[in-house]
K.L.:
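Pasting in a structure now, in structure tokens, and then I'll have a few things to ask.
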Amino acid sequence: MEIIGGSCRLGLWFVHVWWNDTAVYQVRFATTGLPGRVPEPIRQYCAGHVVNLSQLNSIAVQEDTVYGRIYRAVQQVPYGSTSTYGEIARIAGTSPRVVGQAMARNPVPLVIPCHRIVAAGGIGGFSSPLEIKEALLSLEKKGLRRAEK
DNA sequence: AACGTACACTTAT
DNA sequence: ATAAGTGTACGTT
């Protein structure tokens with residue numbers, strides 16, 4: 001099946017998504033829109049709803065490689081909470097630095113919530129503007145607050 | 001195929 | 001504050 005692209009608004013940014021029925025292939029952040037739809041869960045997530053995006057499938061998590069293990073571990077960290085590079089490294093049986101590398105190359109942010117991985121002593125890095133990482137974390141905090149009423 | 005270097009880190013001086 | 005340790009990827013021989 002053919003891969004199609006689409007975008008939706010997330011605060012001040014757009015998120016571009018390339019996907020089809022079976023999986024999500026690429027996600028990235030941009031300042032301009034792109035015609036087309038995105039998967040429903042992503043739309044809801046962007047609207048601030050508490051959605052578990054690890055239900056979405058992606059090639060990245062299937063790989064039987066170190067990165068695959070790292071990505072699967074990252075998908076376990078729940079909406080609204082965070083983990084550290086070191087902790088993920090322990091779970092995946094590798095070193096923190098490698099986790100950073102895997103995050104930097106994550107083809108599907110949001111689906112694999114790399115923004116929830118922070119440094120032991122700070123927020124850590126992000127490929128797109130760091131602003132976005134902060135915005136995502138605060139979006140999730142808000143979503144959680146709203147959900148628990 | 002080997003070698004050097006670069007990393008979204010961490011831990012111990 | 002700084003340095004050493006770390007595992008993988010990537011470009012250059």
Side-chain angles (χ1 to χ4, degrees), chain A residues 3 5-20 22-34 36 38-39 41-147:
Chain A
I3 298 174
S7 72
C8 76
R9 201 88 207 211
L10 197 167
L12 302 176
W13 299 277
F14 288 93
V15 11
H16 293 190
V17 185
W18 296 91
W19 58 294
N20 66 14
T22 58
V24 176
Y25 296 86
Q26 185 163 162
V27 175
R28 44 185 192 193
F29 301 98
T31 52
T32 63
L34 180 74
V38 303
I42 293 187
R43 221 208 82 248
Q44 291 182 353
Y45 179 92
C46 293
H49 295 234
V50 178
V51 194
N52 180 12
L53 293 181
S54 40
Q55 63 180 287
L56 265 27
N57 191 22
S58 71
I59 297 299
V61 297
Q62 297 174 2
E63 295 165 1
D64 189 26
T65 60
V66 183
Y67 279 18
R69 271 184 279 133
I70 292 174
Y71 290 145
R72 283 191 292 276
V74 171
Q75 281 199 321
Q76 301 308 305
V77 4
Y79 189 104
S81 69
T82 62
S83 183
T84 65
Y85 298 98
E87 200 172 333
I88 298 297
R90 261 204 321 283
I91 296 170
T94 180
S95 82
R97 204 102 195 220
V98 179
V99 175
Q101 255 185 160
M103 296 306 95
R105 299 176 198 292
N106 176 12
V108 285
L110 300 190
V111 176
I112 294 166
C114 56
H115 59 279
R116 296 185 192 140
I117 310 305
V118 298
I123 187 163
F126 205 67
S127 303
S128 317
L130 192 53
E131 230 179 320
I132 294 185
K133 186 173 185 175
E134 290 164 347
L136 290 173
L137 292 172
S138 105
L139 171 78
E140 296 192 1
K141 242 188 306 187
K142 265 183 259 175
L144 228 44
R145 227 184 353 258
R146 184 171 357 161

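Lettering of chains follows the sequences in order, A, B, ..., and the numbering in each one begins at 1. What you see below is based on every heavy atom in this structure, not just the backbone, and it leaves out hydrogens, waters and symmetry mates.
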K.L.:
Using a 4.0 Å heavy-atom cut-off, does A:Val99 contact any base of the nucleic acid, only the sugar-phosphate backbone, or nothing at all?
P.N.:
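A:Val99: no heavy atom of the nucleic acid under 4.0 Å.
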
K.L.:
Classify the nucleic acid contact of A:Gly124 as base, sugar-phosphate or nothing, counting any heavy atom under 4.0 Å across all strands shown.
P.N.:
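Here A:Gly124 touches no strand at all.
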
K.L.:
Using whole Å, what does the distance between atom C1' of nucleotide B:dC9 and atom CD1 of A:Ile70 come to?
P.N.:
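About 12 Å, once rounded to whole Å.
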
K.L.:
Would the distance check show the side chain of A:Tyr71 and the main-chain N or O of A:Ile59 forming a donor-acceptor pair, the cut-off being under 3.5 Å?
P.N.:
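It does not hold such a pair.
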
K.L.:
Evaluate the side-chain proximity of A:Pro39 to A:Val17: yes if any heavy-atom separation is below 4.5 Å, no if none is.
P.N.:
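Yes. Closest side-chain heavy atoms under 4.5 Å.
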
K.L.:
Heavy atoms from C-beta onward define the side chain here; which of B:dT10, C:dC10, C:dT8 lies closest to that of A:Val98?
P.N.:
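Ranking B:dT10, C:dC10, C:dT8 by closest atom to the A:Val98 side chain puts C:dT8 first.
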
K.L.:
Both A:Arg97 and A:Tyr67 contact DNA chain C. Taking the nearest nucleotide for each, which residue is further toward the 5' end?
P.N.:
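By nearest-heavy-atom nucleotide position, the 5'-most residue is A:Arg97.
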
K.L.:
A:Phe29 CZ to B:dA8 P: how many Å, rounded?
P.N.:
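Those two atoms, CZ and P, are 17 Å apart.
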
K.L.:
Could you check how far CZ of A:Arg90 sits from P of B:dT11, rounded to whole Å?
P.N.:
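Going from A:Arg90 (CZ) to B:dT11 (P), I get 8 Å.
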
K.L.:
Under 4.0 Å, counting only non-hydrogen atoms across every strand here, what does A:Ala104 touch: a base, just sugar-phosphate, or nothing?
P.N.:
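Base: the residue A:Ala104, judged by heavy atoms under 4.0 Å, touches a nucleobase.
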
K.L.:
Among B:dT10, C:dG5, B:dA8, which is the nearest nucleotide to the side chain of A:Met103?
P.N.:
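From the listed options, B:dA8 comes nearest.
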
K.L.:
Starting at CZ of A:Phe126 and ending at P of B:dC9, how long is that distance when rounded to a whole Å?
P.N.:
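Distance, rounded to whole Å: 14 Å.
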
K.L.:
Paired with C:dG7: which nucleotide, if any, by Watson-Crick or G-U wobble criteria at under 3.5 Å for both distances?
P.N.:
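Base-paired to B:dC7.
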
K.L.:
Rounded to the Å, how far apart are A:Arg105 CZ and C:dT8 P?
P.N.:
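So the CZ-P distance, A:Arg105 to C:dT8, works out to 13 Å.
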
K.L.:
Any chance you could measure A:Leu136, atom CG, to A:Cys114, atom SG, to the nearest 0.5 Å?
P.N.:
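Interatomic distance, A:Leu136 CG to A:Cys114 SG, rounded to 0.5 Å: 8.5 Å.
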
K.L.:
The side chain of A:Ser127 lies closest to which of these nucleotides: C:dT8, B:dA8, C:dT6?
P.N.:
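Of all the options, the side chain of A:Ser127 is nearest to B:dA8.
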
K.L.:
Could you check which of B:dA8, C:dT6, B:dT10 has an atom nearest any side-chain atom of A:Ser95?
P.N.:
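Nearest to the side-chain atoms of A:Ser95, counting from C-beta on, is C:dT6.
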
K.L.:
Looking at C:dC10, B:dA8, C:dG7, which one has an atom nearest to any side-chain atom of A:Gln101?
P.N.:
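Of the options given, the side chain of A:Gln101 lies nearest C:dG7.
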
K.L.:
Should the ring pair A:Tyr45 and A:Tyr79 be called parallel, tilted or perpendicular, given that the plane angle runs from 0 to 90° and is split at 30 and 60?
P.N.:
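Plane angle over 60°, so perpendicular.
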
K.L.:
Would you kindly give the OH-to-C1' distance between A:Tyr71 and C:dT8, to the nearest whole Å?
P.N.:
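My rounded result for the distance is 12 Å.
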
K.L.:
Between C:dG7, B:dA8, B:dT10, which nucleotide has the shortest distance from any of its atoms to the side chain of A:Pro96?
P.N.:
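So the side chain of A:Pro96 is nearest to B:dT10.
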
K.L.:
Taking atom C1' of B:dA8 as reference, at what distance in whole Å does atom CD1 of A:Ile132 sit?
P.N.:
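From A:Ile132 CD1 to B:dA8 C1': 14 Å.
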
K.L.:
Round to a whole Å and report the spacing from CG of A:Leu136 to P of B:dA8.
P.N.:
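In whole Å, B:dA8 P and A:Leu136 CG are 18 Å from each other.
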
K.L.:
Which one of A:Val98, A:Ile70, A:Thr94 satisfies the side chain to side chain contact (heavy atoms under 4.5 Å, CB included) criterion with A:Ile88?
P.N.:
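Answer after filtering A:Val98, A:Ile70, A:Thr94: A:Ile70.
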
